[in-house]
Amino acid sequence: MKNVNLAGKIAGYFIDSQLTVLTMAFALLAGVVALLVTPREENPQIVVPAANVFVKYPGANALEVEEHISKPLEALLWELPGVEEVHSVSADSLSIVFVRFYVGESKEDSLIRLYDKIMSNLDIKPETASQPIIKPVDVDDVPIVAVTLSSKTKDEGELKAIADDVLDYLRRIPGTANPHIKGGAKRQVNVTFDPEKLAQYGLSSAQIANAIQMSNSNLPVGDFAQSGLLNYVETGDFLRTAEDVA
């Protein structure tokens, strides 16, 4: 063999050498040992502390929520030790700020630091904003199966009612955890006030709202015995239709 470079000489040496077989056998044995002694788990339990912070700011648009709630809260959370990521979502009247700590940080200590930081700086939010709600996020809360309901003939309210029935069946499946519904329109009754009639009757919108709330109740008032039977008496009823509210 003439004009063989260094790589060719090395390859020729290992082709003819008995060390090649020994090296391959050693590598195979090392691989088997590594396979046997390396810990394995299908779903490794890692600790990733994270939380969502919800703040309501009634009457403010998304830009105002971002400037007065989201940005100051983001800056505040970045001051916490061990924080890896902070981002926010601003909508009309609502701010959601997500904070995630580094992998391996203590979940309890991280959440305590987060709670203390927010509670000790409540003065940075506007007076009309609600108190922050802190909801921890678990890495195991990632949905495995998402079922989407759609229809060309049913509206959002009807789809929401169907989704509620589907959710009841999903809860009965063994091994399911935390099934929930996202989206859909909830049933509600909108009440529009006539300012002139309110002024005529000397009423305010808050008084009407309180009256509706008091009417939407069903309370036990007592019981009495008759013909050997014990009868329970209740007063009021829940509002179920727009006509009931009217």
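None of these values were measured; they are calculated from a predicted model.
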Colleague: Mind checking whether Val55 and Ser70 have side chains closer than 4.5 Å, heavy atoms only?
Modeller: no
Colleague: Looking at Glu64 and Asn61, would you say the former's side chain and the latter's main chain have a donor-acceptor pair under 3.5 Å?
Modeller: yes
Colleague: Inspect the contact between Glu67 and Lys71 and indicate whether a charged nitrogen and a carboxylate oxygen are less than 4.0 angstrom apart.
Modeller: yes
Colleague: Exactly one of Glu105, Glu85, His87 should register a side chain to side chain donor-acceptor pair (under 3.5 Å) with Arg100. Which one does?
Modeller: Glu85
Colleague: Around atom CZ of Phe26, are there more than 12 heavy atoms of other residues, nucleotides or ligands at under 6.0 Å?
Modeller: no
Colleague: For the hydrophobic clusters of this structure (ILVMFWY residues joined by side-chain heavy atoms under 4.5 Å, transitively), does one cluster hold both Ile133 and Val137?
Modeller: no
Colleague: Which pair of non-hydrogen atoms, one from Met119 and one from Pro132, has the smallest distance, and what is that distance?
Modeller: CE-O, 4.4 Å
Colleague: Hey, mind stepping through Asn52 and Val97 against side chain to side chain contact (heavy atoms under 4.5 Å, CB included) and telling me if it holds?
Modeller: CA-CA 6 Å; Asn52 285 320; Val97 181; over 6 Å; no
Colleague: Does Arg113 come within less than 4.0 Å of Asp109, counting only side-chain N to carboxylate O?
Modeller: no
Colleague: Give a yes or no on whether Val86 and Val65 share a hydrophobic cluster (residues Ile, Leu, Val, Met, Phe, Trp, Tyr; joining criterion: side-chain heavy atoms under 4.5 Å apart).
Modeller: yes
Colleague: For the residue pair Arg171 and Thr176, what are the closest heavy atoms and their distance?
Modeller: O-OG1, 3.8 Å
Colleague: Among the clusters formed by ILVMFWY side chains lying less than 4.5 Å apart, do Tyr115 and Trp78 turn up in the same one?
Modeller: yes
Colleague: May I ask whether Phe98 and Ile96 are part of the same hydrophobic cluster, defined by side-chain heavy atoms of I, L, V, M, F, W, Y residues being less than 4.5 angstrom apart, directly or through others?
Modeller: no
Colleague: Provide the closest heavy-atom pair for Val83 versus Leu77 in the form atom of the first, atom of the second, distance.
Modeller: CG2-O, 3.5 Å
Colleague: Quick check: do Glu84 and Phe101 have side-chain heavy atoms less than 4.5 Å from each other?
Modeller: no
Colleague: Sub-3.5 Å donor-acceptor pair from the side chain of Ser120 to the main-chain atoms of Lys117, do we have one?
Modeller: yes
Colleague: Provide the closest heavy-atom pair for Leu122 versus Lys125 in the form atom of the first, atom of the second, distance.
Modeller: O-CG, 3.1 Å
Colleague: Within the side chain of Ser130, is there an N or O that forms a donor-acceptor pair under 3.5 Å with the backbone of Lys56?
Modeller: yes
Colleague: Does Lys154 use its side chain to pair, donor to acceptor, with the backbone of Glu158 at less than 3.5 Å?
Modeller: no
Colleague: Is it the case that one hydrophobic cluster holds both Val145 and Ile162, taking links as side-chain heavy atoms less than 4.5 Å apart, direct or via other members?
Modeller: yes
Colleague: Might you point out which heavy atoms bring Gln207 and Gly202 nearest each other, and give the distance in Å?
Modeller: OE1-O, 3.9 Å
Colleague: Would you say that Asp194 contacts Leu198 through its side chain, given a criterion of any heavy-atom pair below 4.5 Å between the two side chains?
Modeller: no
Colleague: Evaluate Val33 against Leu35 for side chain to side chain contact (heavy atoms under 4.5 Å, CB included), listing each step before the verdict.
Modeller: CA-CA 5 Å; Val33 173; Leu35 181 64; over 6 Å; no
Colleague: Partners of Asn190 by side-chain hydrogen bond (donor to acceptor under 3.5 Å, both in side chains), sequence neighbours excluded?
Modeller: Gln188
Colleague: Hey, is the main chain of Lys107 close enough, under 3.5 Å, to the side chain of Ser110 for a donor-acceptor pair?
Modeller: no
Colleague: For the side chain of Asp92 and the backbone of Ala62, is there at least one donor-acceptor N/O pair under 3.5 Å apart?
Modeller: yes
Colleague: Looking only at atom types and distance, does a side-chain atom of Ser151 sit under 3.5 Å from a main-chain N or O of Thr153, one as donor and one as acceptor?
Modeller: yes
Colleague: Is the CZ atom of Phe193 crowded by more than 12 outside heavy atoms at less than 6.0 Å?
Modeller: yes
Colleague: Compare all side-chain heavy atoms of Ile134 with those of Leu114 and state whether any distance is below 4.5 angstrom.
Modeller: yes
Colleague: Which residues pass the side chain to side chain contact (heavy atoms under 4.5 Å, CB included) test with Ile212, sequence neighbours left out?
Modeller: Val191, Ile208, Leu239, Val245
Colleague: Under 3.5 Å, is there a donor-acceptor pair between the Ser90 and Ser95 side chains?
Modeller: no
Colleague: What's the separation between atom OG in Ser205 and atom CG in Asn210, rounded to the nearest 0.5 Å?
Modeller: 9.5 Å
